[in-house]
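Given the structure is predicted, the values throughout are model-derived calculations rather than measurements. Reminder, nothing fancy here: chain letters follow the sequence lines and each chain counts from 1.
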Protein chains: 2
Amino acid sequence: MKATIKDIAKKSGHSCSTVSRVINNNPYVSAETRARIQGIIDETGFRPNNVARGLVKGKMNVVVCIIGDRFNQFYAELFSAAEEALNELGYLAVLCYTNYDPAKEEKYLEAVTENNFAGVIMVTAPETPQLTNNLSKLAFPIVLTNRYLVSVPTDVVLTDNYYGGYIAARHLLDLGHRRIAHWSGPDNSTASRDRLRGYCDAMQEAGLQVRDGDVWKGNLQETGGYQFACRLLENPGDVTAVFCGNDMMARGVVVAYAERGRKIPDDLSIVGFDDSPIAVTGTVKLTTVRQHAREMGRAAAEMVVNRMANKDQPHRRLTFTPELVIRESTAACRRTDGPL
Amino acid sequence: MKATIKDIAKKSGHSCSTVSRVINNNPYVSAETRARIQGIIDETGFRPNNVARGLVKGKMNVVVCIIGDRFNQFYAELFSAAEEALNELGYLAVLCYTNYDPAKEEKYLEAVTENNFAGVIMVTAPETPQLTNNLSKLAFPIVLTNRYLVSVPTDVVLTDNYYGGYIAARHLLDLGHRRIAHWSGPDNSTASRDRLRGYCDAMQEAGLQVRDGDVWKGNLQETGGYQFACRLLENPGDVTAVFCGNDMMARGVVVAYAERGRKIPDDLSIVGFDDSPIAVTGTVKLTTVRQHAREMGRAAAEMVVNRMANKDQPHRRLTFTPELVIRESTAACRRTDGPL
DNA sequence: GCGGGATGTAGAAACGTTTCCAGACAGAGT
DNA sequence: ACTCTGTCTGGAAACGTTTCTACATCCCGC
């Protein structure tokens, strides 16, 4: 069987307490004692049992990241940074995908409770009544990222999506575009809504009106962008630029145009969102709005362990400012024929 | 604080043992007692603490899936099926990505040991000395999938990759192709090697010789396929068909050709591998070799819990037979000019 | 030479379950 | 009437840690 702390205690002639102290780097151990015990630990290959530790401490040193969408590399990047930070802080990070299914979300949150995991970093969750109901009575730290809930205060780390939407539209306007579409995801997240507002305000500021037909909502994946692009190609109108809800969608647009021999940015200017790795794969590098994925991930990690120590501090919202990254998918508007 | 089994015992006037019995559906509880206790459990919202349970049972009911590659949807599919099965069997499934980094792999395996997780399903791992060394002394059940290790016997569920390579090449040969390239991943997995063998044997059977220059090894991702396709386009030779190591790679080839206005399958026939979801997204649906991802996932799940019960049974290797799925990326060879 | 704060160590309780053991009771077979 | 077997229940040990309490010892300043 695996060696326990008692075995080490017996072998070294010391008590469990003392062995525990050397394991946990408690200063109240003499140099000789520490050396002797450490020697035995090393030669035995003893590793403390985290389950027992978890029982007395009241929590396992495991943080679960619950993510809606496994295709979005922005989340992957965010998680990877969070994991790195969590490891440094002594926690194991594991991943669960919900596929945006509220039932799965609930299942995972329940599992966290039952297993006394230390906390949760949750990346995107549509705001369902169950979720808000659950969140409000959860006993462990949870930090949301990317979107916040209007009905429940939580710790959250965000991008300033309003500003992101604003600079995306602003950039296209500066290039002379006048009819700018916005393709995004379902309307159930603050992230999407805030970006939309930013886009609308930029348009209005330029004296342009956003028409109903200019904003399309679909799935935030490559297929979504692909489909919308096909729809636009069939019925071009005078749209000369598109602001996409994320880079995956933007990629889908590029593919649809490439397949028909149309040129980006000549035939259409595209701004993505996220600046995820796929923004720079493929021939046309995307102009996009960079979210600071790694910084957000690290911040979320720090926030979640911070809350473990201070259970009752007020909830905090940390907002990162996105920035425009100009690459090859946008260019000055060449169409001058239409009105507006 | 959260209710414990003792609180329930006190409230119901019964002992902890009895409460435990109703929680675990032990038959030795009278109907009335069970009803009364269950009532209290329900009204209290009591949930047993898995950590305490894990301590006495010697393991947490958590299975970790360790996956090398988060981009490959075939693995995602496999994991999703495994998770489903594991949930049915009473286990929580969580995910860790190694990015093919042996150090991360080791870290996760260590975490499994320290946290007494119930077992591991590991999807792809390059066979490093550390890994084999670690695996041979692990105390928990582990089942490998997709590739097996030559130096350590383990439980493993596989696709018959040799046969997969064979039918892929055979299909292209049947379409009249003679110069068929094979683009795959690094040579460190049995999966790649077996597919290569199958492809070579099919070629030889047809009286054709595989030349060194026909087999390229790169990264098994879209970028890998894209790069190889570019290389081929620059220097076409007489290759008319390609058998790709997986669907992502095949997709990359399609994109490269589309961007240059070349037609698939007219200019190049492509066979992928996996039949992952991306095989049917995009305009050209891929001809590919289907691996039975969901069946493999479920099998892996069953295998891992099976081994928990029977620690000393001999290791098993379960092989699924892949099948060719013919779609739009392959067509009869039209080039008849060159010798072979 | 004596109280008093560090420093070092051991023993035992505690964490929340499961499970082993023992005992009570009932009905059935002799 | 008696064992015997099966059903039901409670008490307590066990799982492997951390941590609380208690007790030495030492050195310091008086």
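For S17(A), counting side-chain heavy atoms from C-beta on, the closest listed nucleotide (dT9(D), dA12(C), dT18(D)) is dA12(C). Nearest to the side chain of K57(B), among dT18(D), dT9(C), dT18(C), sits dT18(C). Closest contact between the side chain of S30(B) and the listed nucleotides dT18(C), dT9(D), dC15(C) involves dT9(D). Of the candidate nucleotides dG16(C), dT17(C), dT18(D), dT18(D) has the atom nearest to the side chain of R53(A). Side-chain atoms of H14(A) lie closest to dA10(C) of the nucleotides dT18(D), dA10(C), dT18(C). Residue Y28(A) has its side chain nearest to dG8(C) when only dG8(C), dT17(D), dT9(D) are considered. Side-chain proximity of T18(A) to dA10(C), dG11(D), dC15(D): nearest is dA10(C).
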Exercise for review: I would like to know whether E110(B) and N134(B) meet side chain to side chain donor-acceptor pair (under 3.5 Å); could you show each step before the answer?
Suggested key: CA-CA 9 Å; E110(B) 218 164 83; N134(B) 284 334; over 6 Å; no
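Atom CG in N24(B) sits roughly 9 Å away from atom C1' in dT17(C) (whole-Å rounding). Residue M60(A) contributes atom CE, which lies 15 Å from atom P of dG16(C) at whole-angstrom precision. The nearest whole Å value for the distance from the CZ atom in R34(A) to the C1' atom in dG8(C) is 11 Å. For K6(A) and dG16(D), the NZ to P distance is 7 Å, given to the nearest whole Å. Remark: C1' of dT9(C) and CG of N26(A) are 11 Å apart, rounded to the nearest angstrom. One atom, CG of D7(A), and another, P of dG16(D), lie 9 Å apart when rounded to the nearest Å. Atom NZ of K59(A) and atom P of dT17(D) are 17 Å apart (whole Å). Separating the CD1 atom of I37(B) from the P atom of dC8(D) is a distance of 13 Å, rounded to the nearest angstrom.
Using a 4.0 Å cut-off, no side-chain N or O of T4(B) falls inside it from OP1 or OP2 of dC15(C). Neither OP1 nor OP2 of dT17(D) sits under 4.0 Å from any side-chain N or O of N50(A). Between N49(B) and dC15(C), a side-chain N or O to OP1/OP2 separation shorter than 4.0 Å is absent.
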Pairs under 3.5 Å (N/O, protein and nucleotides 21-27 of chain D):
none

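K6(B) is not listed as a side-chain neighbour of V19(B), based on a closest heavy-atom distance of 4.5 Å or more. Under the 4.5 Å side-chain criterion, counting only non-hydrogen atoms from C-beta, E105(A) is not in contact with L135(A). Using a 4.5 Å heavy-atom cutoff, the side chains of V157(A) and M303(A) are in contact. In this structure, the side chains of F74(A) and M296(A) come closer than 4.5 Å at one or more pairs of heavy atoms.
In this structure, S20(B) reaches the bases: a heavy-atom distance under 4.0 Å links it to at least one base atom across the strands shown.
Remark on DNA chain C: of its neighbouring residues V29(A) and C16(A), the 5'-side contact belongs to V29(A), judged by nearest-heavy-atom nucleotide. If you find the closest nucleotide of DNA chain D to A52(B) and to I23(A), the one lying nearer the 5' end belongs to A52(B). Between V56(B) and R36(B), the residue whose closest nucleotide on DNA chain D is further toward the 5' end is R36(B).
The existence of a salt bridge linking R298(A) and E83(A) is excluded, since no basic side-chain nitrogen approaches an acidic carboxylate oxygen closer than 4.0 Å.
Judged by distance alone, with hydrogens and angles left aside, the side-chain atoms of D101(A) form a donor-acceptor pair with the main-chain N or O of A103(A) at under 3.5 Å.
The residue from K2(B), R53(B), R47(B) that alone fulfils the salt bridge (charged side-chain N to carboxylate O under 4.0 Å, His left out) condition with E114(A) is R47(B).
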